[in-house]
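Model, not experiment: these values are computed from the prediction.
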Amino acid sequence: MTRTVDPIQELAAFLRTRRERLDPHDFGLPSRRRSRRTPGLRREEVAELAGISVDYVVRLEQARGLRPSADVVEALARALRLAPDERTYLFDLARQRRRPADKPATSAAPPLARLVDDLAPLPAMLMNHRFDILAWNSEMAGLLLDFDTLPPAQRNAMWLCLIHPEIREFYVDRERIVREGVAHLRAAWAAHPEDQALSELIAEFLARDEDFAHRWAEGDVKVGGRGAKALRHPDVGTIAVHFEVLMPLEDPDQRLMICRAADERSRSALDRLRAR
């Protein structure tokens, strides 16, 4: 199967969209440059800020197959004022970031699986960079669903949010959850270009979910490790949780998600679920 997104085309599109979102006034450009037909900075202005030739910027944005050096990528990131996650994404697209030699995790490291159990009564689960769910405790199963009832291919947090008929309606702010998940998957795809399973997963999402396709086209990139979610639980009502995502040094492709109640009402709801 071909790659879901061509990295060269994506690099070109990413540079264009980040250039076009910039406000020339923020750069103190001379007034003679402010009569513009299109938004953002001009290519020659980006080239000047980055210290590279205009022709090079043009060829990058036209996807002519260039592979910029790490110095050029760094200069472009500074010129475009990229956020940290966007900068990392640009380095990944340009294949200028060192990658771990380990293969993607497909099963839970035993010490981490035991830790997930030991974190009870806090709901916890272990995932890889694709959002594949590798291990979970009974509290997380009670909060979401019994993952043992799913085929292994469906034990994926993003698949559940987008496609599972019950979990699709589970999140109160589903639009934000999808947007953040897409931004994370985009970063993961760039960081793991040879992960065919991830490419196929993204292709499935693009084909089956219009909201995912729309968000993917926006090109947002962000890796979130902390946040809040509100869930509509069929048995105990709305539950608000805070979550943390931790990356173990010994197993860098595994992510430990730990949830805790955001308020007293939610804590009581979690207690009732655990009592069941």
Side-chain angles (χ1 to χ4, degrees), residues 105-185 201 205 208-209 211-212 215 222-248 251 253-276:
T106 56
S107 61
L112 294 177
R114 291 193 293 271
L115 176 59
V116 168
D117 285 335
D118 291 343
L119 283 167
L122 296 177
M125 66 181 177
L126 196 67
M127 297 178 289
N128 60 15
H129 66 269
R130 304 182 200 125
F131 285 126
D132 291 338
I133 301 168
L134 308 178
W136 59 91
N137 59 16
S138 59
E139 286 76 12
M140 183 63 81
L143 179 61
L144 295 178
L145 81 167
D146 185 354
F147 300 110
D148 276 324
T149 65
L150 298 173
Q154 295 180 11
R155 293 176 194 160
N156 178 279
M158 200 67 188
W159 190 96
L160 294 172
C161 180
L162 294 171
I163 298 173
H164 192 281
E166 296 176 10
I167 303 299
R168 271 184 62 88
E169 308 304 324
F170 203 61
Y171 296 99
V172 173
D173 190 2
R174 183 177 181 275
E175 181 180 352
R176 176 179 62 85
I177 300 301
V178 172
R179 182 175 67 249
E180 292 174 352
V182 171
H184 172 95
L185 272 185
L201 188 66
F205 293 159
R208 298 185 62 175
D209 190 89
D211 194 21
F212 181 94
R215 296 298 177 188
K222 188 172 179 60
V223 178
R226 174 180 297 145
K229 299 179 182 181
L231 314 172
R232 298 186 186 95
H233 198 282
D235 297 326
V236 295
T238 301
I239 302 176
V241 299
H242 294 303
F243 68 88
E244 293 280 343
V245 180
L246 309 177
M247 294 178 61
D251 300 282
D253 193 50
Q254 305 200 20
R255 286 115 171 96
L256 178 62
M257 173 181 275
I258 307 168
C259 298
R260 55 189 175 86
D263 50 49
E264 285 301 324
R265 183 175 181 275
S266 298
R267 183 173 291 106
S268 176
L270 288 177
D271 289 343
R272 295 199 303 275
L273 283 178
R274 190 162 55 252
R276 295 173 59 223

[X] to [Y] - nearest heavy-atom pair and separation:
| X | Y | answer |
| --- | --- | --- |
| Leu134 | Ala105 | CD1-CB, 4.2 Å |
| Ala124 | Met140 | O-CB, 3.4 Å |
| Ala228 | Phe243 | N-CE2, 3.5 Å |
| Met127 | Ala157 | SD-CB, 4.0 Å |
| Leu273 | Gly142 | CD1-O, 3.8 Å |
| Ala108 | Leu126 | CB-CD2, 3.6 Å |

Report the distance from atom [atom1] of [X] to atom [atom2] of [Y], rounding to the nearest 0.5 Å.
| X | Y | atom1 | atom2 | result |
| --- | --- | --- | --- | --- |
| Cys259 | Leu144 | SG | CG | 7.5 Å |
| Gln154 | Ile167 | CD | CD1 | 11.5 Å |
| Ile163 | Arg208 | CD1 | CZ | 4.0 Å |
| Leu185 | Phe131 | CG | CZ | 5.5 Å |
| Met158 | Asp209 | CE | CG | 8.0 Å |

Can you list everything that forms a salt bridge (Lys or Arg N to Asp or Glu O under 4.0 Å) with [X]? Sequence neighbours excluded, please.
| X | answer |
| --- | --- |
| Arg274 | Asp271 |
| Glu175 | Arg215 |
| Asp251 | none |
| Glu180 | Arg176 |

Could you tell me if the side chain of [Y] sits less than 4.5 Å from the side chain of [X], heavy atoms only?
| X | Y | answer |
| --- | --- | --- |
| Leu160 | Phe147 | yes |
| Cys161 | Ile177 | yes |
| Leu145 | Leu150 | yes |
| Leu162 | Arg174 | yes |
| Leu231 | Tyr171 | yes |

Tell me, please, which residues at least two apart from [X] pass side chain to side chain donor-acceptor pair (under 3.5 Å).
| X | answer |
| --- | --- |
| Asn137 | none |
| Arg265 | none |
| Thr238 | none |

Could you go through residues 109-122 and list every donor-acceptor pair under 3.5 Å that involves a side-chain atom there, pairing it with any protein atom two or more places apart or in another chain?
none

Qualifying salt bridge (Lys or Arg N to Asp or Glu O under 4.0 Å) pairs with a residue from [range], counting only residues at least two apart or across chains:
| range | result |
| --- | --- |
| residues 136-164 | none |
| residues 120-136 | Arg130-Asp132, Arg130-Asp195 |
| residues 227-244 | Arg226-Glu244, Asp235-Arg276 |

Between Asp211 and Arg168, is there a side-chain N and carboxylate O pair less than 4.0 Å apart?
-> no
How about His164 and Phe170: are their ring centres within less than 6.0 Å of each other?
-> no
Are the side chain of Arg255 and the backbone N or O of Met247 linked by a donor-acceptor pair below 3.5 Å?
-> no
Ala261: partners by side-chain contact (heavy atoms from CB on, under 4.5 Å), with sequence neighbours left out = Ser266, Arg267, Leu270
